[in-house]
Structure formats: structure tokens, C-alpha cells
Amino acid sequence: MLRPREVVPGVSMFPVRTPTLPPATHTNTYALGREEVLLVEPATPYEDERREWLAWARGREGRVVGVLATHHHVDHASAAGAFARALAVPLLAHPSTVERLTDLDGVTVRALSDGEKLVLGHASYRVLHTPGHAPGHVCLWNAAQKTLIAGDMVANGSTILIPPDDGGDMADYIAQLERLLDLGATTLLPAHGEPIDDPHAVLTYYVKHRRMREEKVRAAFVRLFAEFGRAPELHELVPLAYDDTPAHLHLIAAAAAEAHLVKLRREGRLDP
Ligand SMILES: [Zn+2]
């Protein structure tokens, strides 16, 4: 059983079990602040986990002032309404997240916007709107501690999907990774996996890896187009563009390939 622990001074982490993308099995929730506490990721749909989480939330030393969802995915926000009601606090989320959530009856919603500052006693966090993985995705930046609450921008030990059929956008995602790189963070606190203490290396790898994949998707498209005299289907393109990825992951790879194709098409880079 994963127990809550303080990962950075004033930041406590509680991983809860969620229906997330394997091999991950949990979503990290965070309590930010001491005197005033903001709870990030109302994540779990499971009753037993919800009970434990609420006991943890109510046991905080400071006053709980809100619940924040980094984005609308089920492994991040499925308890958004339930937790906000149970704790009688507002839900904080980007408007593009709020419009995708259900079960918000009786909940006060505070819409977040890029650049706004959240003050929690002695701590303060800057809201960064970082679309790409999801349209309303936000990160929280603590400049004093050079620590970023990273949501699903990066994960430790699993992959980040960019689902084009659910508001994912590869161009936005890569642009936002580059923006995060510019922060000069020393710690990234992802929603899945352990804290990341070499953000520069990890973010650089993410950007490089996505650009490498984009080039492979483009090359495969161009080659198959020439061969077939028509645009290739995803199932024809994936084995070529992901020839370094095990075949059982090709279904997931197809969604990523689609996201790359959308970006390439928009940039006019699939024209022969
Ligand atoms: Zn997600």
C-alpha cells in the first residue's frame, strides 16, 4: 500500500488507485501549502480509496481551501464533484476542463486562467495553461522552490498519450514541453510515478523523442504514399514508424501516429 509522504517541503503526496494507463496503476494526488491547503487531482473513482483519501484530506493541519483538477481525464478528475462537495470547497480547473466534467451539481467552480497566482499561506503557485495532452491541462509552478506540479505533461515510468479524438494536440503538447523546459525547474511532480529530479534531462528527452517520432511518421507516410499511390492507413504506417516498438503496443502507437499526422498535415508537411 502506498502511503502519503512529504516529497518537497510543504507538498505532500498521496498516490491513489485509479483506472489509468498500464503499467501505471495509481495517480499521485498532492496537498499543497501548510496554513492553507490546495488538494490536487481528485482522481479515484473507487469507494474504498475515496474514503481513505477524504480521511487524509480532512486530517491536514491547515485549512483546505479547494480541490484542483489538472485536466478532465477519468484518472484525474472522476471525484472532482464528490470531493468538492464532501469538503465543502470550490473546484478549481480550467474552463476547457470544467466543460468536460459531469457531476458538478452543488459545486462552486473557480475557473483558472494562464498566469494567475494561487496564494496558499506562505506558498504561492503560478497557474500555467499547458494544453496538448488535454485542452484544459494546467501545471502549477512554485518559483521559490523551483518545483512544478506537472499533471500529465510527463510521467515517471509510463507514457503520455496525446488522444486526437479527445482534444489532444501534438503541436500544442511539444510547444508546452518547451515552455516547461524554460522554467529551469529542479523538481517535477508528475501524476504518475516518483518525483523527477532531473527535469532538464527528462524534458529535453521528451521533446527530442517526439520530434524523432514525428520524423519517422513523416518518412513512413511519404514512402508508403509513393509505394501505394494513395495515403497509407494507420495500420500500414504504424509498423514502419514504430519499428522500434513491440507489436503489442502498436494499438497505442496508432493513436500517437494519428496525433503526429494531424500536426504534420496542418503544417503542410505531408504534401509530396
Ligand atoms: Zn491524462
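Both ligands and their constituent atoms are indexed starting at 1 by order of listing. Here the structure is a predicted model, which is why all the values come from computation and not from measurement.
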Exercise for review: Quick one: closest heavy-atom pair of I174 and E214, and the distance?
Suggested key: CD1-OE1, 4.2 Å

Exercise for review: Could you tell me the angle subtended at the Zn ion (ligand 1) by OD2 of D152 and ND1 of H73, rounded to 10°?
Suggested key: 180°

Exercise for review: Could you tell me the angle subtended at the Zn ion (ligand 1) by NE2 of H71 and NE2 of H133, rounded to 10°?
Suggested key: 100°

Practice item. Using a strict 4.0 Å threshold on nitrogen-to-oxygen distance, state whether R179 and D172 make a salt bridge. Key: no

Exercise for review: Determine, for E236 against R230, whether the closest basic-nitrogen to carboxylate-oxygen distance falls under 4.0 angstrom.
Suggested key: yes

Point to revise | Metal check, the Zn ion (ligand 1) vs H137 N/O/S, cut-off below 2.8 Å | key: no

Review point. Is the centre of the H73 ring less than 6.0 Å from the centre of the H137 ring?
Key: no

